[in-house]
Protein chains: 2
Amino acid sequence: MTTAMRLSWKDVRDQIHEAILTGRYMPGDRLPRDADIAEDLNCARSTVQRAMQDLSDSGLVERRRKGGTRVRPDPVTRATLDIPVTRREVEQKGSRYGYQMIRREIKTAPSRVLGVFELAEPQKMLQVEALHLSDGRPYILEDRWICLRTVPEILDVDLAHQSANEWLVLNKPYSRCDLRFYAESADDQTADLLGCGTESALLVIERTTWVEEAPITTVKAITAPGYQLLTRS
Amino acid sequence: MTTAMRLSWKDVRDQIHEAILTGRYMPGDRLPRDADIAEDLNCARSTVQRAMQDLSDSGLVERRRKGGTRVRPDPVTRATLDIPVTRREVEQKGSRYGYQMIRREIKTAPSRVLGVFELAEPQKMLQVEALHLSDGRPYILEDRWICLRTVPEILDVDLAHQSANEWLVLNKPYSRCDLRFYAESADDQTADLLGCGTESALLVIERTTWVEEAPITTVKAITAPGYQLLTRS
């Protein structure tokens with residue numbers, strides 16, 4: 001006597017994904033109802049629902065009310081980016097991490113910074129400029145602004161020896177994050193600090209975080225020439 | 001008589017997230033067992049499991065065997081990037097999309113292309129160079145290689161009028177995707193096609209896709225000066 005194997009939600013997901021990959025269902029096509037798929041595959045309807053949730057999270061299908069599903073008519077490339085603290089990033093590449101604080105100053109935030117935080121009123125913040133190194137060579141130059149109203153305790157942290165990057169990630173979890181990627185030519189000062197030629201093309205990663213509606217920090221991370229951000233999915 | 005409201009898995013997730021945000025649980029801390037949380041909150045254990053799955057997907061906690069969970073000791077910034085087809089991207093910004101094919105040629109793929117596809121043997125592929133425009137101005141210059149063994153039908157597509165970007169996204173879903181972001185200085189030819197100065201700093205987005213183990217396409221998308229990629233989470 002053989003026992004029929006119960007399909008897991010991952011089996012169901014893979015079967016539906018396969019049908020999309022082979023073109024049995026094309027972008028915009030309606031999929032059968034959850035209940036019909038469940039009957040077809042002899043599994044629980046909740047198993048189909050879990051599978052559909054996963055396919056929807058991956059951006060492959062769109063769920064409608066009442067259990068209807070269709071293949072996304074305008075497919076997107078969906079990628080998950082994990083950006084660790086810079087020390088970990090350097091160490092994961094097998095290199096030795098170094099950190100140098102360049103400047104630390106309390107001053108009124110410029111309009112660019114108020115803008116990314118979506119703040120209307122000027123306020124004083126802590127600006128920290130620092131250099132992250134990999135095997136002794138400049139890796140990322142960061143220009144960071146920290147909101148003192150949200151994180152007053154940052155003033156007690158010895159930022160000459162511990163990077164604000166690491167302290168904040170460990171001590172001030174965020175509930176919202178904006179990321180922005182663009183390229184920028186090195187100006188004289190940046191070229192000097194990163195040890196590269198003026199006008200070098202540099203990848204910039206800007207990150208701004210909030211906890212509930214309160215701004216925490218915004219950092220402009222200017223990466224050294226040759227830096228690449230890679231993600232697989 | 002009042003009826004006690006059953007907590008949804010999202011309620012449970014938000015409560016645990018709140019406890020992490022307020023520092024009640026710090027990076028590396030162990031959370032109570034699922035069963036204990038379920039009893040505490042008077043909900044089903046499966047509700048707690050669903051909540052934990054979501055927190056784990058967001059990179060906030062780590063699940064261990066036997067239902068143990070801890071707050072991730074090395075928190076990462078996790079962001080989801082959705083890259084639509086370029087026509088949609090332009091239209092979503094309220095601009096008019098345009099497309100120009102520059103070159104279309106069957107030739108042996110150079111080692112850079114074989115490398116990103118992880119192929120050992122040289123093979124002929126279709127190279128397509130094309131310009132995407134936004135309101136008549138250069139937006140993205142793409143240098144694309146398409147694997148003819150996987151997508152022979154691309155030879156029947158009129159790529160002078162339909163972008164390979166769009167045709168492939170709609171007709172050849174992928175199961176694996178590598179994305180790479182970096183900055184590059186415009187060389188003479190690129191500057192000419194994008195209508196910008198030589199040595200301008202440009203954001204490059206490289207995307208390579210496979211279906212099962214078969215390479216589909218790799219595209220080097222060189223964006224015009226000022227291009228920014230933004231993601232919120």
Side-chain angles (χ1 to χ4, degrees), chain A residues 17-18 20-23 26-28 50 57 59-60 71 73-85 87-88 166 169-186 199-207 209 211-212 223 225-233, chain B residues 17-18 20-23 26-28 50 57 59-60 71 73-85 87-88 169-186 199-209 211-212 223 225-233:
Chain A
H17 191 184
E18 186 68 25
I20 295 173
L21 287 179
T22 55
M26 299 283 287
R50 182 72 186 85
D57 287 346
L60 282 168
V71 184
D74 56 334
V76 292
T77 299
R78 177 163 298 180
T80 303
L81 269 180
D82 273 356
I83 305 183
V85 295
R87 179 182 58 75
R88 289 279 296 166
E166 197 145 354
V169 161
L170 288 175
N171 294 280
K172 206 68 201 175
Y174 63 84
S175 54
R176 177 185 158 199
C177 177
D178 281 7
L179 278 172
R180 199 180 284 271
F181 304 90
Y182 54 94
E184 195 174 84
S185 286
E199 304 283 306
S200 295
L202 306 174
L203 176 68
V204 178
I205 305 169
E206 260 186 39
R207 184 171 13 171
T209 56
V211 55
E212 312 306 341
T223 66
Y227 186 97
Q228 295 198 340
L229 194 68
L230 174 68
T231 166
R232 299 171 189 280
S233 55
Chain B
H17 191 185
E18 185 68 24
I20 295 173
L21 287 179
T22 55
M26 299 284 286
R50 182 72 185 83
D57 288 347
L60 282 168
V71 184
D74 56 335
V76 292
T77 300
R78 177 163 297 180
T80 304
L81 269 180
D82 273 355
I83 305 182
V85 295
R87 179 182 58 74
R88 288 279 296 166
V169 161
L170 289 175
N171 294 281
K172 205 69 200 175
Y174 62 85
S175 55
R176 177 184 158 199
C177 177
D178 281 6
L179 277 173
R180 200 179 284 272
F181 305 89
Y182 55 93
E184 195 172 84
S185 286
E199 304 284 306
S200 294
L202 306 173
L203 176 69
V204 178
I205 304 170
E206 260 187 38
R207 185 171 12 172
T208 308
T209 56
V211 57
E212 312 305 344
T223 66
Y227 186 97
Q228 295 199 338
L229 194 69
L230 174 68
T231 167
R232 298 171 190 279
S233 55

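Proteins get letters first, then strands, A, B, ... in listed order; numbering begins at 1 in each. Note that the structure is predicted; figures quoted are calculated from it, not measured.
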Between [options], which residue shows the highest count of heavy-atom pairs closer than 4.5 Å to chain A?
{"options": "B:Ser175, B:Gly23, B:Gly59", "result": "B:Ser175"}
{"options": "B:Leu170, B:Thr80, B:Leu229", "result": "B:Leu229"}
{"options": "B:Ala186, B:Ser185, B:Ala201", "result": "B:Ala201"}
{"options": "B:Arg207, B:Glu184, B:Arg180, B:Arg50", "result": "B:Arg180"}
{"options": "B:Glu199, B:Glu212, B:Met26, B:Glu206", "result": "B:Glu212"}
{"options": "B:Val76, B:Thr77, B:Leu203", "result": "B:Thr77"}

Residue, of A:Pro84, A:Ser200, A:Ala79, A:Gly226, that accumulates the most heavy atom pairs under 4.5 Å with chain B: A:Ala79
Heavy-atom pairs under 4.5 Å with chain B, option from A:Val71, A:Leu60, A:Leu202, A:Asp82 with the top count: A:Asp82
Quick check on [X] against chain B: is it the side chain, the backbone, both or neither that has a heavy atom closer than 4.5 Å?
{"X": "A:Val211", "value": "side chain"}
{"X": "A:Pro225", "value": "neither"}
{"X": "A:Glu18", "value": "side chain"}

CD1 on B:Ile83 to CZ on A:Arg78, rounded to 0.5 Å: 11.5 Å
Check: A:Thr223 and B:Tyr182 side chains under 4.5 Å, non-hydrogen atoms: no
Engaged part of B:Asp74 at the chain A interface, taking heavy atoms whose separation is under 4.5 Å: side chain
Toward chain A, the part of B:Arg176 with a non-hydrogen atom under 4.5 Å: both
